[in-house]
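Working notes for the structure below.
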Amino acid sequence: MVSTKEQIAHALGIIGSSVSPMVTSRASYTYEWKGMASSMDVMECLGTVFLAKEGMTGPIAIFEGPKGFKEVFGLKLDYDWAKENFELISKCVLKAYNAEVHSQPSLEAITEFKQQHHINATEVDQIEITTFLTAYHIIGSGAYGNRQIVETKEQADHSLFYLAAVALIDGEVYPDQLEPERINRKDVQELLQKVSVKTGFPIHQPISIAGLLDPIHKPIRIK
């Protein structure tokens with residue numbers, strides 16, 4: 001599509017100085033735009049690539065130049081072009097459940113635990129989840145806001161409280177568990193209020209320091 005290195009550089013420069021999505025689309029209260037934001041960014045990037053192919057120029061020093069990423073954000077492009085490329089498929093993951101990616105280990109543990117011990121969710125008094133810092137902030141009522149208010153699909157798949165509760169009741173988290181009538185049913189709404197989420201290290205801010213101190217392990221206790 002883009003035929004020269006110069007055109008690629010211009011495309012990257014234009015995109016880097018124009019497309020600035022905000023992660024607030026995934027914070028609580030979470031709306032439908034969460035599922036569209038990335039796609040719209042990709043569409044804008046694709047349009048920019050076509051413009052660069054037709055000769056549109058942009059700031060090719062977007063990373064190291066004046067007012068670029070390094071100066072404005074203190075970010076340095078750490079990339080070994082002799083060893084790496086833009087092929088990202090090998091770095092992708094496939095999710096086992098229809099839920100936010102950081103919830104996958106917890107959901108796997110809960111569903112396996114339910115199968116092994118034949119747990120009746122109506123007899124559960126408390127679910128204690130200890131997860132890693134990123135999961136806590138995004139889906140565990142950390143920096144991204146309260147995740148125990150769950151009424152819609154967008155809220156449900158980004159709430160570790162709902163996901164843990166519905167996994168323990170239904171034994172799975174697939175499209176049926178994200179339907180409005182399932183989300184708002186009494187059984188799961190009551191159980192998600194019995195879920196608590198924490199990290200292995202009690203301090204969560206500042207993230208740069210807390211992330212270094214947080215042990216990466218995910219035990220789950222069901223009482």
Side-chain angles (χ1 to χ4, degrees), residues 1-95 98-105 131-145 147 152-155 157-160 199 204-214 216:
M1 183 181 296
V2 178
S3 57
T4 69
K5 292 181 179 180
E6 184 178 359
Q7 288 171 334
I8 293 174
H10 285 301
L12 289 173
I14 297 170
I15 292 167
S17 60
S18 304
V19 181
S20 302
M22 295 182 67
V23 76
T24 187
S25 64
R26 294 183 176 273
S28 182
Y29 181 106
T30 306
Y31 296 91
E32 289 181 329
W33 187 248
K34 168 183 71 68
M36 291 293 294
S38 297
S39 299
M40 294 299 290
D41 292 336
V42 171
M43 186 168 67
E44 185 173 350
C45 292
L46 188 60
T48 299
V49 170
F50 279 112
L51 289 174
K53 181 176 175 62
E54 296 301 319
M56 176 68 69
T57 61
I60 59 175
I62 182 67
F63 296 107
E64 70 282 353
K67 302 304 177 182
F69 272 72
K70 183 176 181 180
E71 180 178 340
V72 175
F73 299 108
L75 299 176
K76 180 182 178 181
L77 181 62
D78 186 13
Y79 210 81
D80 187 345
W81 297 104
K83 298 179 180 179
E84 303 181 73
N85 54 41
F86 288 110
E87 296 179 4
L88 300 177
I89 296 298
S90 61
K91 299 179 181 180
C92 293
V93 297
L94 294 176
K95 297 192 293 185
N98 288 87
E100 197 272 347
V101 65
H102 299 100
S103 71
Q104 302 295 308
T131 187
F132 54 106
L133 187 67
T134 301
Y136 167 78
H137 277 306
I138 296 177
I139 57 177
S141 288
Y144 281 48
R147 295 301 195 183
T152 66
K153 183 265 181 192
E154 289 73 32
Q155 291 175 309
D157 66 19
H158 268 59
S159 167
L160 188 52
T199 63
H204 304 134
Q205 299 287 352
I207 294 177
S208 58
I209 296 177
L212 295 175
L213 299 175
D214 182 54
I216 307 299

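Just so it is clear, the values below take in all heavy atoms, side chains as well, and ignore hydrogens, waters and symmetry mates.
Leu160 has its side chain out of reach of Arg147: every pair of non-hydrogen atoms, C-beta onward, lies at least 4.5 Å apart. Two residues are said to be in side-chain contact when any heavy atoms from C-beta on lie closer than 4.5 Å; Phe69 and Ile62 meet this criterion. Under the 4.5 Å side-chain criterion, counting only non-hydrogen atoms from C-beta, Lys70 is not in contact with Phe63. Side-chain contact check for Glu32 versus Met36: every heavy-atom pair is 4.5 Å or farther apart. Leu51 is not listed as a side-chain neighbour of Ile14, based on a closest heavy-atom distance of 4.5 Å or more. Between Tyr144 and Ile139 there is no side-chain heavy-atom pair separated by less than 4.5 Å. Under the 4.5 Å side-chain criterion, counting only non-hydrogen atoms from C-beta, His158 is not in contact with His102.
Side chain of Gln155 to main chain of Thr30: no donor-acceptor pair is present (N/O by atom type, distance under 3.5 Å, no hydrogens or angles). A donor-acceptor contact shorter than 3.5 Å links the side chain of His137 to the backbone of Ala143. Proximity of a side-chain donor or acceptor of Gln104 to a complementary backbone N or O of Val101 within less than 3.5 Å is not detected. A distance-only check finds a donor-acceptor pair linking the side chain of Thr4 to the backbone of Gln7 [under 3.5 Å]. Checked by atom type and distance alone, the side chain of Lys95 pairs as donor or acceptor with a backbone atom of Ala99 at under 3.5 Å.
Taking OG of Ser159 as the start and CD of Glu100 as the end, the distance is 11.0 Å to the nearest 0.5 Å. His204 contributes atom NE2, which lies 7.5 Å from atom CG of Asp214 (distance to the nearest 0.5 angstrom). Here Ile138 contributes atom CD1 and Thr131 contributes atom OG1; the two are 10.0 Å apart, rounded to the nearest 0.5 Å.
Nearest heavy atom pair, residue Ala37 against residue Ser25, reads CB-OG, 4.0 Å. Residues Arg26 and Ser38 approach most closely at NH2-OG, 4.1 Å, considering heavy atoms. Here the shortest heavy-atom pairing between Thr199 and Leu133 reads CG2-CA, 4.0 Å.
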(request) Step by step, work out the side-chain contact (heavy atoms from CB on, under 4.5 Å) result for Lys34 and Asp157. (result) CA-CA 11 Å; Lys34 168 183 71 68; Asp157 66 19; 3.4 Å; yes
(request) Begin from the C-alpha positions of Tyr29 and Thr152 and carry the test side-chain contact (heavy atoms from CB on, under 4.5 Å) through to its verdict. (result) CA-CA 10 Å; Tyr29 181 106; Thr152 66; 3.6 Å; yes
(message) Using the rule given for side-chain contact (heavy atoms from CB on, under 4.5 Å), can you reason through Ser18 versus Thr48, listing the C-alpha separation, both sets of side-chain angles and the distance that settles it, and then say yes or no?
(response) CA-CA 10 Å; Ser18 304; Thr48 299; over 6 Å; no
